K.L.:
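My questions will all concern the structure given below.
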Amino acid sequence: MKTYDYVVVGSGLFGAVFAQQAREHGRSVLVIERRNHIGGNCYSYDYQDTNINVHAYGTHIFHTSDTATWKYVQRFTEFNAYRHRVLTTYRGKVYSMPINLGTVNAFYGKNLRPWELASFLEQGRSAIASPKNLEEKAISLVGRDLYDAFIRGYTKKQWGCDPRKLPANIITRLPVRSSYHDAYFDDVYQGIPVGGYTPMFERMLEGVDVELGADFFSDRERWQRMARRKVVYSGPLDRYFDYTHGRLSWRSVRFELKRVDVEDYQGTSVMNYADEDVPYTRVHEPKHLHPERRFAPESTVVIREYSLIDNDEPYYPVNFESDQRMLAAYQELASREPHTIFGGRLARYRYYDMHQVVASARKAARDELVGEPAPRREGEGAV
Ligand code: FAD
Ligand code: UDP
């Protein structure tokens, strides 16, 4: 049996960055991946003959203000100059997200100035001293009307539950702006890899053995024996421990893709749908993510996103209060596994964006590779 210093479970961003860093330090690495492609949820591909790069698991925009992370990812790909803007449709009218001066003025038919916004919103806000859940937090930020229009229905669809059951911090991902600035992210560095995400992963994984269609749990003991030093696990945390403490709550996503015979279907890359009775949460049109590419005018690709529960394909950690207790119990079990490194969105059960995953994988690699020598397993030779 061939052995490696590290066996990395999952070829998403956490696994790929850790593997790349380990290779750079002269360690041997095997990545095993359950799916039939690398890249985790960032995986993208060119759709048929269209030159349109489709993000198979939803539109992914790389954004960060951390120069070190930005420099690191640029080693593996060139990024285009795309800046993300999101629109939302509510009762047949289109508004800009996140909520900004333009959204408020369009919604109320006003012409408020930046300095007038705070006191205007104040009138509709409830005085909630310490908001305990997503609904209270949102109302304390934008008031009941805007919450009801743009947040309540969308959030209910996305998370499959009443927003009063959700943690407040989900909504603090979105800023509320008193200007017309309508970029979705405030970060200094943003873009999409010009060739799509998959070539970026291919470059990261150069010199690394990769086995696709390989599920860690199909032969766990064998993969563990193949790892001379450690297993690096980026799958779901509860699954690793056979759900001993129960199942953490996850949300999943389903996509419906169609090719449409028009040059431009919706005029933008992502259109959210705020109404509760529209079954999907958003519609993606990936053509708009690459202003630097040329496309044939006769067609475009459109993808509807639906949210659902699917424990076999977990995407989003939900973080109900009961999950927090369960998570602490799993973290305690994880701390007693000296030969496994847990990382990424699924193994940490954290709502990480890509730049956060890159930073945490680099930190994990630094701690492992340039810190104290790794604990040796019995019979392991010098490295
Ligand atoms: P993943 O990408 O999930 O990779 C984990 C990998 O492990 C998967 O390939 C999985 O198949 C594999 N695996 C799991 N279990 C096993 C097993 N038992 N055996 C073998 N392999 C296994 N972030 C941004 O910064 N910008 C965005 O615009 C953005 N948009 C998003 C949109 C959506 C719809 C979603 C769901 C996420 C979005 N994200 C975005 C977040 C981004 O996808 C994550 O931060 C990142 O992909 C997480 O990387 P990861 O390696 O932790 O996990
Ligand atoms: N959200 C909303 N309306 C929108 C967009 C977002 O209510 O039009 C809320 C929703 O609860 C969502 C959260 O804000 O889960 C964070 O949005 P984000 O776009 O960051 O979600 P993601 O890209 O991770 O799906």
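Note that the coordinates shown come from a computational prediction; the quantities given were computed from them, not determined experimentally.
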K.L.:
At what distance, to the nearest 0.5 angstrom, does NE2 of H290 lie from CG of N80?
P.N.:
6.0 Å
K.L.:
Flag the pair K93 / F107 as yes when at least one side-chain heavy-atom distance between them is below 4.5 Å, and no otherwise.
P.N.:
no
K.L.:
Using 30° and 60° as the class limits, which term best fits the ring planes of F241 and Y330: parallel, tilted or perpendicular?
P.N.:
parallel
K.L.:
Between the side chains of D215 and S218, does any donor sit under 3.5 Å from an acceptor?
P.N.:
no
K.L.:
Under a 4.0 Å N-O cut-off, is there an ion pair linking R362 with D367?
P.N.:
no
K.L.:
What about the rings of W159 and Y351, do their centers lie closer together than 6.0 Å?
P.N.:
yes
K.L.:
Checking Y180 against N105: is there a side-chain donor and acceptor pair closer than 3.5 Å?
P.N.:
yes
K.L.:
Under a plain distance cut-off of 3.5 Å, with no hydrogens placed, do R259 and Q48 share a side-chain donor-acceptor pair?
P.N.:
yes
K.L.:
Starting at NE2 of H288, measure out to CE of M271 and round the result to the nearest 0.5 Å.
P.N.:
9.5 Å
K.L.:
Under 4.5 Å between any side-chain heavy atoms of D46 and N51, yes or no?
P.N.:
yes
K.L.:
For residues Y240 and T340, is any side-chain donor paired with an opposing acceptor at under 3.5 Å?
P.N.:
yes
K.L.:
Say you draw a straight line from OG1 of T268 to CG of L87; how long is it, rounded to the nearest 0.5 Å?
P.N.:
4.5 Å
K.L.:
When you compare the side chains of T67 and Y189, does any donor N or O come within less than 3.5 Å of an acceptor on the partner?
P.N.:
yes
K.L.:
Among D186, L101, N100, which one satisfies side chain to side chain contact (heavy atoms under 4.5 Å, CB included) with H181?
P.N.:
D186
K.L.:
Going only through I, L, V, M, F, W and Y residues with side-chain contacts under 4.5 Å, is there a path from V86 to I151?
P.N.:
yes
K.L.:
So, are E313 and R251 salt-bridged, with charged N and O less than 4.0 Å apart?
P.N.:
no
K.L.:
Taking atom OG1 of T281 and atom CZ of R254, what is their separation to the nearest 0.5 Å?
P.N.:
10.5 Å
K.L.:
So if I apply the salt bridge (charged side-chain N to carboxylate O under 4.0 Å, His left out) rule between E135 and each of R144, R152, K156, which one comes out positive?
P.N.:
R144
K.L.:
Given the ring of Y57, does R35 sit roughly above its face, with NZ or CZ under 6.0 Å from the centre of the six-membered ring and within 45° of the axis?
P.N.:
yes
K.L.:
Measuring only between side-chain heavy atoms, which start at C-beta, is L166 closer than 4.5 Å to C161?
P.N.:
yes
K.L.:
Looking at D5 and K230, is there a salt bridge between them, counting it only when a charged N and a carboxylate O are closer than 4.0 Å?
P.N.:
no
K.L.:
Can you get from V278 to L257 by hopping between Ile, Leu, Val, Met, Phe, Trp and Tyr side chains that sit under 4.5 Å apart?
P.N.:
no
K.L.:
Within the 4.5 Å heavy-atom criterion, are V8 and F18 side-chain neighbours or not?
P.N.:
yes
K.L.:
Between the side chains of H84 and Q190, is a donor N or O closer than 3.5 angstrom to an acceptor N or O?
P.N.:
no
K.L.:
For the residue pair S307 and V253, establish whether any side-chain heavy-atom pair is separated by less than 4.5 Å.
P.N.:
no
K.L.:
Within 45 degrees of the ring normal and closer than 6.0 Å to the centroid, is that where the cationic atom of R247 sits relative to Y243?
P.N.:
yes
K.L.:
Can S249 and D323 be counted as having a side-chain donor-acceptor contact under 3.5 angstrom?
P.N.:
yes
K.L.:
Within the 4.5 Å heavy-atom criterion, are F14 and R348 side-chain neighbours or not?
P.N.:
no
K.L.:
Taking the ring centre of each residue, are Y197 and Y43 less than 6.0 Å apart?
P.N.:
no
K.L.:
Would you kindly check if the NZ (Lys) or CZ (Arg) of R239 is within the cone defined by 45 degrees around the ring axis of F217 and under 6.0 Å from the six-membered ring centre?
P.N.:
yes
K.L.:
Any idea how F76 and Y72 line up, ring-wise: parallel (<30°), tilted (30 to 60°), or perpendicular (>60°)?
P.N.:
perpendicular
K.L.:
In terms of the angle between their ring planes, are W70 and F79 parallel, tilted or perpendicular, with boundaries placed at 30° and 60°?
P.N.:
tilted
K.L.:
Do S299 and D261 have side-chain atoms, one donor and one acceptor, less than 3.5 Å apart?
P.N.:
no
K.L.:
Ignoring hydrogens and geometry beyond distance, is a side-chain donor-acceptor pair present between Q20 and E24 at under 3.5 Å?
P.N.:
yes
